[in-house]
Amino acid sequence: MASLLLSSPTALPRHGLAFASQSNLRRAPSHLFLSKKRFLSKIGCKLTSSKDTTKISPPGAAPPLSVDEDKSERKLRKNEKNPIWVLLRRAPKRVLAVLSNLPLAIGEMAAIAALMALGTCIDQGEPPDYYFQRFPEENPVFGFITWKWIIYPGFDHMFSSPVFLGMLALLAASLMACTYTTQIPMTKVARRWSFMKSAESIRKQEFSDTLPRASVQDLGVILMSAGYEVFRRGPCLYAFKGLAGRFAPIGVHLAMLLVMAGATVSATGSFRGSVNVPQGLDFVVGDVMIPNGFLSNPSGAFITLVHVNKFFMEYYDSGEVSQFYTDLSLFDAGGKEVLRKTISVNDPLRLGGVTIYQTDWGISALQVIKDGEGPFNLAVAPLKLNGDKKLFGTFLPVGSGDGDSGSVKGISMLARDLQSVVLYDQEGKFVGVRRPGSKLPIEIDGSKIIIEDAIGSSGLDLKTDPGVPAVYAGFGALMLTTCISYLAHSQIWALQDGTAVVVGGKTNRAKLEFPEEMNRLLDQVPELVGVDDFFNSLTAGQPPLDSPKI
């Protein structure tokens, strides 16, 4: 709540168009004040300065311990003349001045943004052979980029590379230096009560005006009603509002530091892993996790067993895959199920800091019945196609070919998804299409084939990311403090100069709105009636009519 500090313990009276304070208007003639000053000057005393005093020691007293002090003083004076000592004393200030340089900070952020963009263009985490083939020395990309430009600086794992982490550390140092040298001193200055005792100083502000017949007390009440913190000392008044806008830049810097710290922990202390699990099989979390940096520390969730209960898919009317799901069960070391959930794209499973994402799918096997025998599980392999379409194939041998060649002939089966299987005979001719589980046989080269089932496999990505809470909290704080930083910090000074009030003010934002606000507030200050007649009567030496006696 706004507060108003008064020169006296009483609250500010509000008299509308009357006098603000009768005691302020009952002034004695000027010669009385002069005689009072002379009287005070006569009874005043002049204190002896420290230069004129002499220290007296009683007889037999121990001599002062000045030997060690003299040595230390001489050593200090000697060090002050030493250029190396002077350089060491000035080095921290110079380092802080360099780090807090705004162009340097902007350049650091631009370099970090460029490295992040480069990290999105270069495939991350691939084996070295991948980069040998993509960026060969014989045919450099853009004429000069080879695998050496990627492997040696660590750009194959950009966000944990020394270059990227070094730039983050340098930006963090610049933010802390700017906060220490600039933002904190500015907030300290903004919190002080800064009274101006000169009308000329007030008139030099961005906005200034003079109320010819007004009271500084009435102005203080109006400023309080407008949300200002108001302080008064004698005829001087100081008011401000929007101090949170001064603290917001510090919050912005702290939020950025929190984001960078979380990103660093994520890059150097996380685990990643990928696995393709057929329906009905399981795996241990720790067996597929790979550390990303030197801060990676496995958690207790790494001993969790993950079992794929079922994998299934949903389709559009056109037959394209719309979504795929995996029903997972998680078991602890004792074999007890601790969690079960069906995950899908954008709906992961989380347990003990480990997050399991649904990212891919495939077909691991086809269950086939041949001439009433089986079912047989035929392993399915992915086939390479141009584009992003998937195709899986398998082979069912039905007989031998020529004895000399030793070739094996059989039935070929192709599937795009779990809905249908396309069958071809030994000559490679199309025979028909069957839906898995339809129980409808198809005869190929004298054999009756039934597609019992198509067993899908789930592509899962696993990760631990201890820096995510810090990153999310940092971004939330960054958005909040950025909005707060747009709040204007406005300051107003006023001085009671006789019957007039000199008012001035400034603001760091809203330069156009501030004069309008000031004019609106000053229009509400009541005008004091009869002030000129009162002071004219004092000048003439006659008491005014209907006025209290002095």
K.L.:
So does Phe475 have more than 12 non-hydrogen atoms from other groups sitting under 6.0 Å from CZ?
P.N.:
no

K.L.:
Report yes if some heavy atom in the side chain of Phe155 is under 4.5 Å from a heavy atom in the side chain of Val163; otherwise report no.
P.N.:
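They are in contact (side-chain heavy atoms under 4.5 Å apart), so the answer is yes.
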
K.L.:
Just checking Arg509: does its CZ atom have more than 12 heavy atoms from other residues, nucleotides or ligands closer to it than 6.0 angstrom?
P.N.:
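Enclosed.
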
K.L.:
Please assess Ser458 against Gln358 for the test side chain to side chain contact (heavy atoms under 4.5 Å, CB included), listing each intermediate value before the final yes or no.
P.N.:
CA-CA 7 Å; Ser458 178; Gln358 179 76 74; 3.1 Å; yes

K.L.:
Extract all donor-acceptor atom pairs below 3.5 Å that involve side chains of residues 345-352 and protein atoms in other chains or at least two apart in sequence.
P.N.:
from: Asp347; atom 1: OD1; to: Lys341; atom 2: NZ; distance (Å): 3.2

K.L.:
Using atom types as modelled and distance alone, determine if a side-chain donor or acceptor of Gln496 lies under 3.5 Å from a backbone N or O of Ala214.
P.N.:
yes

K.L.:
Taking Ala97's backbone N and O only, do any of them form a donor-acceptor pair with Ser100's side chain (distance below 3.5 Å, no angle check)?
P.N.:
yes

K.L.:
Counting only heavy atoms not in Tyr315, do more than 12 sit closer than 6.0 Å to its OH atom?
P.N.:
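More than 12 heavy atoms, drawn from other residues, nucleotides or ligands, come within 6.0 Å of this atom.
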
K.L.:
Filter on side-chain hydrogen bond (donor to acceptor under 3.5 Å, both in side chains), then keep only pairs touching residues 142-165, sequence neighbours left out; what's left?
P.N.:
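side-chain hydrogen bond (donor to acceptor under 3.5 Å, both in side chains) check on residues 142-165 returns Glu137-Lys148.
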
K.L.:
What heavy-atom pair brings Val230 and Ala239 nearest, and what distance separates the two atoms?
P.N.:
CG2-CB, 4.0 Å

K.L.:
Just to verify, what does Asn508 make a side chain to side chain contact (heavy atoms under 4.5 Å, CB included) with, not counting sequence neighbours?
P.N.:
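Here the qualifying residues are Arg246, Ala488, His489.
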
K.L.:
Tell me whether the rings of Tyr238 and Trp493 are parallel (<30°), tilted (30 to 60°) or perpendicular (>60°).
P.N.:
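Ring orientation of Tyr238 relative to Trp493: tilted.
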
K.L.:
Does the plane of the ring in Phe207 sit parallel, tilted or perpendicular to the ring in Phe514? Use 30° and 60° as the thresholds.
P.N.:
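Rings of Phe207 and Phe514: perpendicular, over 60°.
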
K.L.:
Show every salt bridge (Lys or Arg N to Asp or Glu O under 4.0 Å) that has at least one partner inside residues 352-365, sequence neighbours left out.
P.N.:
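Passing the test, one end in residues 352-365: Asp360-Lys390.
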
K.L.:
Going from CG on Asn139 to CD1 on Ile145, what distance comes out if it is rounded to the nearest 0.5 angstrom?
P.N.:
12.0 Å

K.L.:
Does a side chain donor of either Asp465 or Ser266 reach within less than 3.5 Å of an acceptor in the other side chain?
P.N.:
yes

K.L.:
Considering non-hydrogen atoms only, spot the tightest contact between Phe311 and Gly456 and give its length.
P.N.:
CD2-CA, 3.8 Å

K.L.:
Has Arg416 got more than 12 heavy atoms of other residues, nucleotides or ligands less than 6.0 Å from its CZ?
P.N.:
no

K.L.:
If every non-hydrogen atom of Pro466 is compared with every non-hydrogen atom of Val265, which pair is closest and at what distance?
P.N.:
CG-CG1, 3.7 Å

K.L.:
Just so I know, are the side chains of Ile343 and Leu460 near enough to count as touching, which here means a heavy-atom distance under 4.5 Å?
P.N.:
yes

K.L.:
Rounded to the nearest 0.5 Å, what separates atom CG in Leu495 from atom CD1 in Ile202?
P.N.:
5.0 Å

K.L.:
Kindly write out the residues that satisfy side chain to side chain contact (heavy atoms under 4.5 Å, CB included) with Tyr316, not counting sequence neighbours, or none if the list is empty.
P.N.:
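Side chain to side chain contact (heavy atoms under 4.5 Å, CB included) check on Tyr316 returns Ser318, Glu320, Ser322.
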
K.L.:
Taking it one step at a time, do Phe271 and Val354 satisfy side chain to side chain contact (heavy atoms under 4.5 Å, CB included)?
P.N.:
CA-CA 9 Å; Phe271 286 84; Val354 177; over 6 Å; no

K.L.:
Show every side-chain hydrogen bond (donor to acceptor under 3.5 Å, both in side chains) that has at least one partner inside residues 173-184, sequence neighbours left out.
P.N.:
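Pairs touching residues 173-184 that pass the test: Glu108-Ser174, Thr179-His253.
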
K.L.:
Would you list the atom pairs, donor with acceptor, under 3.5 Å between side chains in residues 476-487 and any protein atom, with sequence neighbours excluded?
P.N.:
from: Thr481; atom 1: OG1; to: Ala477; atom 2: O; distance (Å): 2.7
from: Thr481; atom 1: OG1; to: Leu478; atom 2: O; distance (Å): 3.3
from: Thr482; atom 1: OG1; to: Leu478; atom 2: O; distance (Å): 2.5
from: Ser485; atom 1: OG; to: Thr482; atom 2: O; distance (Å): 2.5

K.L.:
How long is the span from the CE atom in Met313 to the CD1 atom in Ile363, to the nearest 0.5 Å?
P.N.:
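Spacing of CE (Met313) from CD1 (Ile363) equals 7.5 Å.
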
K.L.:
Quick one: CZ on Arg94 to CG on Leu96, what's the gap to the nearest 0.5 Å?
P.N.:
12.5 Å

K.L.:
For the side chain of Asp453 and the backbone of Ile455, is there at least one donor-acceptor N/O pair under 3.5 Å apart?
P.N.:
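No, because the side chain of Asp453 does not come within donor-acceptor range (under 3.5 Å) of the backbone of Ile455.
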
K.L.:
Using side chain to side chain contact (heavy atoms under 4.5 Å, CB included) as the criterion, list what pairs up with Leu281, not counting sequence neighbours.
P.N.:
Val277, Pro278

K.L.:
Please list all pairs passing the salt bridge (Lys or Arg N to Asp or Glu O under 4.0 Å) test where one or both residues lie in residues 288-307, with sequence neighbours left out.
P.N.:
none

K.L.:
Between Thr326 and Leu328, is there a donor-acceptor pair closer than 3.5 Å when you use the side chain of the first and the backbone of the second?
P.N.:
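A pair under 3.5 Å: no.
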
K.L.:
Indicate yes or no: at least one non-hydrogen side-chain atom of Ile150 is less than 4.5 angstrom from one of Arg134.
P.N.:
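Ile150 does not reach Arg134 side chain to side chain.
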
K.L.:
Tell me whether the count of non-hydrogen atoms from other residues, nucleotides or ligands lying under 6.0 Å of CE in Met116 goes above 12.
P.N.:
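No, the 6.0 Å shell around CE holds no more than 12 heavy atoms from other groups.
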
K.L.:
Can you list every pair that meets salt bridge (Lys or Arg N to Asp or Glu O under 4.0 Å) and has a residue in residues 200-210, with sequence neighbours left out?
P.N.:
Glu206-Lys511

K.L.:
Do you know the tightest heavy-atom contact between Gly474 and Ala255?
P.N.:
O-CB, 3.5 Å

K.L.:
Take Thr268 and Phe294 through the test side chain to side chain contact (heavy atoms under 4.5 Å, CB included) and record every step on the way to the result.
P.N.:
CA-CA 6 Å; Thr268 60; Phe294 59 93; 4.0 Å; yes

K.L.:
Could you pull out the closest heavy-atom pair between Val501 and Val216, with the gap in Å?
P.N.:
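Taking every non-hydrogen atom into account, CG2-N, 3.7 Å.
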
K.L.:
Test: salt bridge (Lys or Arg N to Asp or Glu O under 4.0 Å). Region: residues 249-263. Which pairs qualify, not counting sequence neighbours?
P.N.:
none

K.L.:
Give, for atom CG of Leu366 and atom CZ of Phe392, the distance between the pair rounded to the nearest 0.5 Å.
P.N.:
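The CZ atom of Phe392 is 10.5 Å from CG of Leu366, to the nearest 0.5 Å.
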
K.L.:
Side-chain polar contacts of residues 300-310 - donor-acceptor pairs under 3.5 angstrom, sequence neighbours left out - could you list them?
P.N.:
from: Thr304; atom 1: OG1; to: Ala301; atom 2: O; distance (Å): 2.9
from: Asn309; atom 1: ND2; to: Ser329; atom 2: OG; distance (Å): 2.6

K.L.:
Classify the ring geometry between Phe164 and Phe159 as parallel (under 30°), tilted (30 to 60°) or perpendicular (over 60°).
P.N.:
perpendicular

K.L.:
Taking the side chain as every heavy atom from C-beta outward, state whether Glu314 and Tyr325 have any atom pair closer than 4.5 Å.
P.N.:
yes

K.L.:
Quick check for you: to the nearest 0.5 Å, what is the distance between Met176 atom CE and Leu254 atom CG?
P.N.:
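Interatomic distance, Met176 CE to Leu254 CG, rounded to 0.5 Å: 10.5 Å.
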
K.L.:
Could you pull out the closest heavy-atom pair between Pro526 and Ile222, with the gap in Å?
P.N.:
CD-CD1, 4.2 Å

K.L.:
Carefully, step by step, assess Met196 and Gln205 under the rule side chain to side chain contact (heavy atoms under 4.5 Å, CB included).
P.N.:
CA-CA 11 Å; Met196 291 187 181; Gln205 301 303 315; 3.2 Å; yes

